Amino acid sequence: MQLARRTVLLAAGAASAALAVAAPGTAAAGPLPPAGPHTGDNPVVRENGAAGSDTWTVGSGETCGVDPSRPEIQGYARAASVEPGQELALRVSARAGGTCEVAFYRLGHYGGDRARHLRTVAEVPADGREWRTRIPADWISGLFLAVLTTSEGRRAYTPFVVREPARRSDVLAVVPLSYAGRRPYPGLGMPGTLGTDTSTARWLEEAGYDVTYATEEDVRARRVRPARYGAVVHPSATALPRPLALAEPGHTDERTRTEAAALLDGLLR
């Protein structure tokens, strides 16, 4: 099935096939947003004007990563995406049991700090029981990290997406994040594609595009309708040239960034 003209080509394989079926790009799926400015004053630009923080990283505050073979702490979300106002359900397990600290960060540009600290919750159960927290109504769509830290300073992560299907942004970024297996990602808790996902997201936000985010499962379940957007970007795809070169420290290449902008601007015309 052919995708809409304004949809960025997805990576080959099951992910692209699933999205193609869920996003036929026909008139029945809804009109495309009107043409207009694609960077500048929008919710993403205003969000990235907030103070950033690097305290989410391993090593910050004398923390260290978990043992990859026997992680001291791990966690996963019941669902990989939520909307503002909904509850995020986490299951956190620590080898020593007890409780842990969970800090929430939104990933973006933030003047080069790459994330914004939103809140920290202490004394979260780390015995495998489900723990819930409500996503504030003012959190805008994005890639987020729940940073799990034990009292001994061992650290792991649970990434998730906040989606905003009611907001018709110019760009929809689709992320291949899933907890369908009801288990954490191995090691630090990061999926293998997260590097390309975050590099693309940070570049989109640094460039000032109005972008919202969703998971592949959101598209399959029709919680979001890709045909409503000017362009759909799959951050792990090869459609945007060399995704790690867009914003990943040590890999950034200006020619790649220029080529990606030309591709995206052409779709948004």
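The model shown is predicted, which means the values in this text are computed figures rather than measured ones.
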Measure the OG-CZ distance between S81 and R163 for me, rounded to the nearest 0.5 Å. 3.5 Å
Between Y185 and Y179 (judged by ring centroids, cut-off 6.0 Å), do the two rings come close enough to count as a pair? yes
Has R228 got a side-chain atom pairing as donor or acceptor with P165's backbone, closer than 3.5 angstrom? yes
Verify same cluster id: V45, L172 (apolar side-chain graph, 4.5 Å): no
Could you give the distance from CG (D265) to OG1 (T258), rounded to the nearest 0.5 Å? 10.5 Å
Would you check if I135 and V82 make a side-chain contact, meaning some heavy-atom pair closer than 4.5 Å? yes
Between the side chain of E206 and the main-chain N/O of H109, is any donor-acceptor distance below 3.5 Å? no
Heavy-atom count check: over 12 atoms from other residues, nucleotides or ligands less than 6.0 Å from R182 CZ? yes
L118 CG to R116 CZ distance, which is reported to the nearest 0.5 Å: 5.0 Å
Using the side-chain hydrogen bond (donor to acceptor under 3.5 Å, both in side chains) rule, take T149 and R155 through it: C-alpha gap first, then chi angles, then the decisive distance, then the call. CA-CA 4 Å; T149 308; R155 177 165 283 183; 3.0 Å; yes
Aromatic rings W139 and F144: how do their planes relate, parallel, tilted or perpendicular, breaks at 30° and 60°? parallel
Side-chain donor/acceptor of R257 to backbone N/O of L246, under 3.5 Å: yes
Exercise: identify the closest heavy-atom pair between P176 and T193: CG-OG1, 3.7 Å
Do S53 and D113 pair up side chain to side chain, a donor and an acceptor below 3.5 Å, judged on atom types alone? no
Any donor and acceptor pair, going by atom type alone, linking the side chain of S60 with main-chain N or O of T57 inside 3.5 Å? no
Row check, Y76 ring normal vs R91 NZ/CZ: under 6.0 Å, within 45°: no
When you measure from the side chain of S199 to the backbone of A247, do you find a donor-acceptor pair of N or O atoms at a distance under 3.5 Å? yes
Would the distance check show the side chain of S93 and the main-chain N or O of D127 forming a donor-acceptor pair, the cut-off being under 3.5 Å? no
To the nearest 0.5 Å, tell me how far M190 CE sits from L188 CG. 6.5 Å
If you take all heavy atoms of G189 and P159, which pair is closest and at what distance? O-CD, 3.4 Å
Test salt bridge (charged side-chain N to carboxylate O under 4.0 Å, His left out) on D41 and R46; report intermediate values, then the result. CA-CA 7 Å; D41 186 29; R46 294 192 290 273; 2.9 Å; yes
Taking the side chain from T252 and the backbone from P249, do they hold a donor-acceptor pair closer than 3.5 Å? no
Minimum side-chain heavy-atom gap Y229-V211 below 4.5 Å: no
Does the side chain of P43 come within less than 4.5 Å of D210's, by heavy atoms? yes
Which pair of non-hydrogen atoms, one from S178 and one from A180, has the smallest distance, and what is that distance? OG-N, 3.1 Å
Heavy-atom closest contact (V58 atom, G65 atom, distance): CG1-N, 3.3 Å
R154 and its salt bridge (Lys or Arg N to Asp or Glu O under 4.0 Å) partner, picked from E72, E62, E101: E72
Between R132 and E130, is there a side-chain N and carboxylate O pair less than 4.0 Å apart? yes
Hey, could you give me the CG/CZ distance between L90 and F160, rounded to the nearest 0.5 Å? 7.5 Å
Between T215 and D218, do the side chains contain an N or O donor and an N or O acceptor separated by less than 3.5 Å? yes
Stepwise salt bridge (charged side-chain N to carboxylate O under 4.0 Å, His left out) check, E205 with R202: CA-CA 5 Å; E205 299 199 4; R202 286 171 176 139; over 6 Å; no
Say whether, by atom type as modelled, one donor and one acceptor occur between the side chain of T158 and the main chain of A146 under 3.5 angstrom. no
Taking C-beta and beyond as the side chain, do T196 and L244 meet within less than 4.5 Å on heavy atoms? yes
Spatial distance of atom CG (L264) from atom OH (Y209) [nearest 0.5 Å]: 4.5 Å
Quiz question: by atom type and distance under 3.5 Å, do the side chains of Y110 and R106 form a donor-acceptor pair? yes
Greater than 12 external heavy atoms within 6.0 Å of R129's CZ: no
Please check if the side chain of N42 supplies one atom and the backbone of G208 the other of a donor-acceptor pair under 3.5 Å. yes
Could you check whether R119 and T133, counting side-chain N and O atoms only, form a donor-acceptor pair closer than 3.5 Å? yes
Scanning both residues in full, the closest heavy-atom pair of L88 with A77 reads CD1-CB, 4.1 Å
Using every non-hydrogen atom in the two residues, find where R95 and P71 come nearest and quote the distance to one decimal. CG-O, 3.4 Å
Mind checking salt bridge (Lys or Arg N to Asp or Glu O under 4.0 Å) for E248 and listing every partner two or more places apart, or none if nothing turns up? none
Is the shortest side-chain heavy-atom distance between T198 and L143 below 4.5 Å? yes
Regarding T212 and S169, do their side chains bring together a donor and an acceptor under 3.5 Å, going by distance alone? yes
